[in-house]
K.L.:
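My structure is below; once you've seen it, I'll send some questions.
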Amino acid sequence: MRVLIVYDYGGPPLSYFLPVLRARARIAVYVPRPERLDPVERAVLTAGAERVLLDDGPWDRRDEQETERRVVVAAQDWRADALVCFSELYATQTAGAAEKLGLRGPGAAGAERARDKLLMRDALTAGGLTNVRYRPLRSEEDIVALMSEVGGPVLIKPRRGMSAAGIQRVDRADQAQQVFASARESLAGFDVPADAEGAFLVEELLHGDPDLWYPVPGFSDQVCVEGLVVAGAYVPVAITDVTPKVPPLTQSGHVSPTSMDADARRRVIDTAERAVAALGLDTCGTHVELKLMPDGGCAVVEIAARYAGRTIIPETDFAHGCDLVGALADALLHGTCTTRRFDPDAEPSRAAATVHLYGSECLGTHRTPVRFGGFAVHPAELLDRTVRIAGYAERERGWVVEDRVHEQPYWLAQLHLQSTSLVELRNSVTRVRRELRLVPEDE
C-alpha cells in the first residue's frame, strides 16, 4: 500500500506521525510550501519517506484549484492508495483530490463545511445546533449590527483561518473599524485571502461556566473532543480539557483524560456527535471544540476535519492507550475502524498534558521589549513526583519578547508532560503556569 502525505503547518508532530504511517504503507510526501520547512523537518522527511516532492515552482498557493490539481498529479505519480493531510490550510484541496481519484477521505463538500466557518455555522444551524448568533462580515456595519442584536461583545473570525490567526474580539461599536483592519493584517503569511470580499464572519462571544462542569479548578470554559469518522460513522475517542486562555484568545494548554464527571462527559460527547453529523463527513480525523455553557449544554466553537495540532494526539494516545494516527491510516487504506469508542465511565490510569508558556504570563515585573535569558527555575523543578517531561523546547537566548495581540506562534516554552496520576499532573500544570518567570538576558 502507498500513502501520499500533503505536509504543511499544523497537526501532530511530524516525527510522531511519520513512523506510524511508515509502519503501514510506503510513504511519499508532497510539500506545497518547501520554503517553510526548517532543517529538522527536512531531515525527518528525508529519513522517513521514500520520496519527498518539494513543490517550489512559481504558482499562487492561494489558488486552491491549482493546489488540488498539483496534489492529484503527485498522488497519481506515486500511485497512492490514500492521501493524508493534517494541515488545515490544505485540508480541502487534499479532500478534493482524494474524491477525484476515487480514494477515501472526508469528501469535498464535508471538508469545505469544516474549513469554511460560515458554511460550518450554516450546517450546524440546519442540524439544530443554533446556540450561536452570527452573520457574514463585509464591513464594520455588520459588526455593529450583531453587537446591537446580542447586546454585548462579538468575535471576528476568518472564514478560512487557522491557529486562531485573525480572530479578534470587539467590545465596543467604535472599535469595529480598527479591529476589523487588525484582523485582516494578522492573517498575513498564512496564504489566506485576508482582504477578499466576504472572507470573514462575525459571531457573538459566548461565556461559559467551567465551575458548573468541573469538580476542580484550573480549566477554561472550553473543551475538545478527539475522534475520527469512518465511512460516515463518527467515533469519539477522547475528551481533552483546556486550561485557561492567555488573554485575549491564546490557547495555553491541554490535559487528557478529562476531569469531568461521567454525566458531563456524556453531554459533551452527545453534542460532538450531533455537530460532526451536521457536516456530513465521510472518512477523516476530527477535532471538535465546544463551549461549556451555564445552562448545562454545549455550544459548538468549531470542528476540524483533521486531527488536532501541537501534541494533543500524542497525549491522547498516551492517556487512552490508543493509536489515532494508525486508526486514521487503517480507515483511509482499508475502510476499517481499529480504535475503540470513548467510554464516559472509564478512568484511564495514565495522563498527559501539553503546556505552552507565553511572554505575557512569564514577564513578572519586567516590561517589554525584553530579551529572553531563560527561566528563573527549570520547569522540571515545579513538577510533582509522578510527572515527567516527555518533550521540551524553549526559545534561544536573546529572543525578543514583545507585546502581541496574537501570541500563539510566539511561545517561550513548550512542555509535553506525562504522569500516572491525573491529580498530580493537573497540579503540576497549574504550578508551572502560575510560578514560572523569565529572566532577561542581561541579568
K.L.:
Run the side chain to side chain contact (heavy atoms under 4.5 Å, CB included) test against Cys337 and tell me which residues pass, sequence neighbours left out.
P.N.:
Val230, Val235, Thr339

K.L.:
Ignoring hydrogens and geometry beyond distance, is a side-chain donor-acceptor pair present between Asp122 and Tyr134 at under 3.5 Å?
P.N.:
yes

K.L.:
Tell me yes or no: between the side chains of Thr386 and Ser419, is some donor less than 3.5 Å from an acceptor?
P.N.:
yes

K.L.:
Between the side chains of His254 and Thr243, does any donor sit under 3.5 Å from an acceptor?
P.N.:
no

K.L.:
May I ask you to check whether Phe318 and His416 place their ring centers less than 6.0 Å from one another?
P.N.:
no

K.L.:
Between Arg133 and Glu204, does a salt bridge (charged side-chain N to carboxylate O under 4.0 Å, His left out) hold up when you go through it step by step?
P.N.:
CA-CA 6 Å; Arg133 288 171 286 185; Glu204 69 176 305; 3.2 Å; yes

K.L.:
Would you confirm whether the ring centroid of Tyr7 sits within less than 6.0 angstrom of the ring centroid of Phe86?
P.N.:
no

K.L.:
So, Tyr410 and Gln408: side-chain donor and acceptor under 3.5 Å apart, yes or no?
P.N.:
no

K.L.:
Please check: side-chain N/O of His378 versus main-chain N/O of Ala380, any donor-acceptor pairing under 3.5 Å?
P.N.:
yes

K.L.:
I'd like to know if the side chain of Ser421 and the backbone of Glu424 have a donor-acceptor N/O pair within less than 3.5 Å.
P.N.:
yes

K.L.:
Kindly give the heavy-atom pair with the smallest separation between Val225 and Pro236, and that separation in Å.
P.N.:
CG1-CB, 4.2 Å

K.L.:
Answer with yes or no whether the side chains of Tyr214 and Asp261 bring together a donor and an acceptor at under 3.5 Å.
P.N.:
no

K.L.:
Is the NZ or CZ atom of Arg265 positioned over Trp213's six-membered ring, under 6.0 angstrom from the centre and within 45° of the axis?
P.N.:
no

K.L.:
Would you check if there is a donor-acceptor pair between the side chains of Thr368 and Glu402 at a distance under 3.5 Å?
P.N.:
no

K.L.:
Hey, does the side chain of Thr250 reach the backbone of Lys245 with a donor-acceptor pair shorter than 3.5 angstrom?
P.N.:
no

K.L.:
side-chain hydrogen bond (donor to acceptor under 3.5 Å, both in side chains) between Asp241 and Thr258: does it pass, once the steps are laid out?
P.N.:
CA-CA 5 Å; Asp241 291 337; Thr258 182; 2.8 Å; yes

K.L.:
According to salt bridge (charged side-chain N to carboxylate O under 4.0 Å, His left out), who are the partners of Asp77, at least two apart in sequence or on a separate chain?
P.N.:
Arg51

K.L.:
So, does Arg433 use its side chain to make a donor-acceptor pair with the main chain of Pro244 at under 3.5 Å?
P.N.:
yes

K.L.:
Distance alone, cut at 3.5 Å: any donor-acceptor contact between the side chains of Thr67 and Arg61?
P.N.:
no

K.L.:
Distance to the ring centre below 6.0 angstrom and angle to the axis at most 45 degrees; does that hold for Arg184 and Phe180?
P.N.:
yes

K.L.:
Under the side-chain hydrogen bond (donor to acceptor under 3.5 Å, both in side chains) rule, what do Glu226 and Thr240 come out as? Steps first, then yes or no, please.
P.N.:
CA-CA 7 Å; Glu226 322 310 330; Thr240 306; 2.9 Å; yes

K.L.:
Strictly distance-based, threshold 3.5 Å: is any side-chain N or O of Glu315 a donor or acceptor partner for the main-chain N or O of Thr354?
P.N.:
yes

K.L.:
With distance as the sole test, does Arg371 use its side chain to make a donor-acceptor pair with the main-chain N or O of Gly398 at under 3.5 Å?
P.N.:
yes

K.L.:
Could you report the tightest heavy-atom contact between Ala272 and Leu290, atom names first, then the distance?
P.N.:
N-CD1, 4.3 Å

K.L.:
Is a side-chain donor or acceptor of Ser87 paired with a backbone partner of Tyr9 at a separation under 3.5 angstrom?
P.N.:
yes

K.L.:
Between Arg159 (side chain only) and Lys117 (backbone N and O only), is there a donor and an acceptor less than 3.5 Å apart?
P.N.:
no

K.L.:
So Phe372 and Phe375, would you call those rings parallel, tilted or perpendicular, with 30° and 60° as cut-offs?
P.N.:
perpendicular

K.L.:
Check whether Arg350 reaches the backbone of Ala319 with its side chain - one donor and one acceptor, N or O, closer than 3.5 Å.
P.N.:
no

